[in-house]
Amino acid sequence: KITSYIEIQGQMTFAIAGALAAILLGGTEGGAINLFGFKLPVSFDLEAWSLKEVFLLDMATYLLAIVLVCMIRYVPIAERKPDDSGLVERFKTGISYLITNRMVFVFGLASYFVFAAILVSGFYLFPMYVSGHLLAGADVYAANEMYFAIGALLAGLFIHLIFSRSNPVFGSIVLTLTASLAFISLTFHTKVEWFYFAILFLGLANAGIRILRMTFLFKVVPNSVIGRVGSTFHFMNGCLRICFLSLFALNFFHSGNNVIYAMSILGFFTLVGASILSRYYGSIRKLTTT
């Protein structure tokens with residue numbers, strides 16, 4: 001429940017930020033603002049901001065966040081002994097646990113496929129997709145952040161309710177397939193409205209899997225090693241993203257609208273993740289019942 005609440009709070013912030021970015025980048029051109037990709041008439045004038053000005057505002061919010069964090073008083077509820085082991089030793093602890101518990105490794109890695117795909121697409125491919133395939137502007141890219149956040153917000157509100165009678169593994173399979181279909185659909189559609197629709201489901205899948213994944217890991221991984229295991233998965237996820245970024249940096253994907261082939265690759269990649277989870281579904285599910 002706490003994971004869901006944090007997801008709701010975080011995604012509401014993303015939705016507001018995306019809406020504000022779309023308004024600032026587009027201004028009130030023609031007496032209207034761009035909100036959720038739609039032109040809404042307004043009675044005031046606002047000049048479009050440059051990216052430099054938007055980045056300056058973004059920097060100011062980080063400074064405000066630093067001030068707020070400094071005001072938080074942390075009171076530990078349990079005594080903790082400092083861990084004096086080195087980085088290598090900590091990494092070995094996580095690897096050793098995953099080698100011994102192979103099904104935790106399989107679930108943890110395969111359920112991370114969607115995260116890797118969405119991080120690569122959201123920060124690298126979608127700007128090229130919007131300009132090269134949809135032939136749209138920065139306001140469309142900013143609006144996609146809002147739809148992604150709305151999908152994630154829906155996941156925070158309803159994901160446990162939807163899969164309350166099943167288990168985190170089944171939910172992760174369904175949501176990974178959802179993300180795969182969303183990526184593949186972006187290969188064939190050129191309408192901005194469909195782009196928003198697919199992004200909403202990507203946001204839903206991404207946040208939903210994150211909630212279900214954390215629920216699963218908290219149940220099966222001991223507290224003493226869960227930090228090490230999480231760090232190991234983060235490292236593997238980073239390696240996957242580096243591989244994809246290296247691939248998509250090739251000139252082929254930057255020519256014309258060839259970015260759609262990158263979407264197909266990510267769709268197939270997430271489909272492989274769903275297939276792996278389905279293949280070992282029975283063995284992974286047993287971990288939550290023992």
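Index from 1, following the sequence.
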>> Phe235 vs Cys239, test: side-chain contact (heavy atoms from CB on, under 4.5 Å). Steps then yes/no.
In response: CA-CA 6 Å; Phe235 173 78; Cys239 292; 3.9 Å; yes
Can you measure from [atom1] ([X]) to [atom2] ([Y]) and round to the nearest 0.5 angstrom?
X      : Y      : atom1 : atom2 : result
Tyr97  : Thr232 : OH    : OG1   : 11.5 Å
Met128 : Ser121 : CE    : OG    : 10.5 Å
Ile159 : Leu154 : CD1   : CG    : 9.5 Å
Asn257 : Ile260 : CG    : CD1   : 4.5 Å
Ser185 : Trp194 : OG    : CH2   : 5.5 Å
Thr176 : Leu212 : OG1   : CG    : 9.5 Å

> Would a line drawn from the ring center of Tyr261 to the ring center of Phe252 be shorter than 6.0 Å?
Replying inline: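 That pair passes the under 6.0 Å test.
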>> Between Phe269 and Phe244 (judged by ring centroids, cut-off 6.0 Å), do the two rings come close enough to count as a pair?
In response: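 Between Phe269 and Phe244, the centre distance is under 6.0 Å.
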Could you see if [X] belongs to whatever hydrophobic cluster contains [Y]? Use Ile, Leu, Val, Met, Phe, Trp, Tyr and a side-chain cutoff under 4.5 Å.
X      : Y      : result
Leu135 : Ile199 : no
Ile184 : Ile209 : no
Ile99  : Met103 : yes
Val120 : Leu181 : no
Leu56  : Trp49  : no

Taking all atoms of both residues into account, what is the closest heavy-atom pair of [X] and [Y], and its distance?
X      : Y      : value
Gly273 : Ala110 : O-CB, 3.9 Å
Met263 : Leu125 : CE-CB, 3.9 Å
Val104 : Val220 : CG2-CG2, 4.2 Å
Val221 : Ile226 : CG1-CA, 3.7 Å
Ala198 : Ala182 : O-CB, 3.9 Å

>> Assess the residue pair Ile276 and Phe113 against the criterion (side-chain contact (heavy atoms from CB on, under 4.5 Å)); give the C-alpha distance rounded to whole Å, side-chain angles, the decisive distance to 0.1 Å, and a yes or no.
In response: CA-CA 11 Å; Ile276 293 172; Phe113 280 18; 4.2 Å; yes
Does any part of the side chain of [Y], heavy atoms only, come nearer than 4.5 Å to the side chain of [X], both counted from C-beta?
X      : Y      : result
Arg210 : Phe115 : yes
Leu177 : Val174 : no
Phe183 : Ser264 : no
Leu204 : Thr178 : no
Leu20  : Leu24  : yes
Val169 : Tyr280 : no
Leu266 : Leu186 : no
Phe148 : Ile118 : yes

For [X] and [Y], indicate whether the former's side chain and the latter's backbone hold a donor-acceptor pair under 3.5 Å.
X      : Y      : value
Ser180 : Gly267 : yes
His133 : Phe126 : no
Ser255 : Asn251 : no

>> If the test is ring pair (Phe, Tyr, Trp, His ring centres under 6.0 Å), which one of Phe216, Phe233, Phe170 qualifies with Phe107?
In response: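 Testing each of Phe216, Phe233, Phe170 against Phe107, the sole residue satisfying ring pair (Phe, Tyr, Trp, His ring centres under 6.0 Å) is Phe216.
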> Given the rule in the side-chain contact (heavy atoms from CB on, under 4.5 Å) test, do Leu175 and Phe201 qualify, once you have shown the distances and angles that lead to the verdict?
Replying inline: CA-CA 9 Å; Leu175 292 172; Phe201 275 94; over 6 Å; no
> Going by the angle between their ring planes, with limits at 30° and 60°, are His254 and Tyr124 parallel, tilted or perpendicular?
Replying inline: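 If you compare the ring of His254 with that of Tyr124, the planes turn out perpendicular.
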> Any idea how Phe253 and Phe248 line up, ring-wise: parallel (<30°), tilted (30 to 60°), or perpendicular (>60°)?
Replying inline: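 Ring orientation, 0 to 90° scale: perpendicular.
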>> Is it true that Tyr129 and Asn144 share a donor-acceptor pair across their side chains at a distance under 3.5 Å?
In response: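 There is no such pair (donor and acceptor under 3.5 Å, judged by atom type) between the side chains of Asn144 and Tyr129.
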> Between Ser111 and Ser172, do the side chains contain an N or O donor and an N or O acceptor separated by less than 3.5 Å?
Replying inline: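 The answer is no; no qualifying pair exists.
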> What residues join Phe123 in its hydrophobic cluster, counting side-chain heavy atom gaps under 4.5 Å, either direct or through other members?
Replying inline: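 When side chains under 4.5 Å apart are linked, the cluster holding Phe123 also contains Leu119.
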> Run the side-chain contact (heavy atoms from CB on, under 4.5 Å) check on Phe105 and Leu109 step by step: do they pass?
Replying inline: CA-CA 6 Å; Phe105 171 74; Leu109 184 60; 3.8 Å; yes
> Is the cationic atom of Arg213 (NZ for Lys, CZ for Arg) positioned less than 6.0 Å from the six-membered ring centroid of Tyr112 and within 45 degrees of its normal?
Replying inline: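 Yes, Arg213 lies over the aromatic ring of Tyr112.
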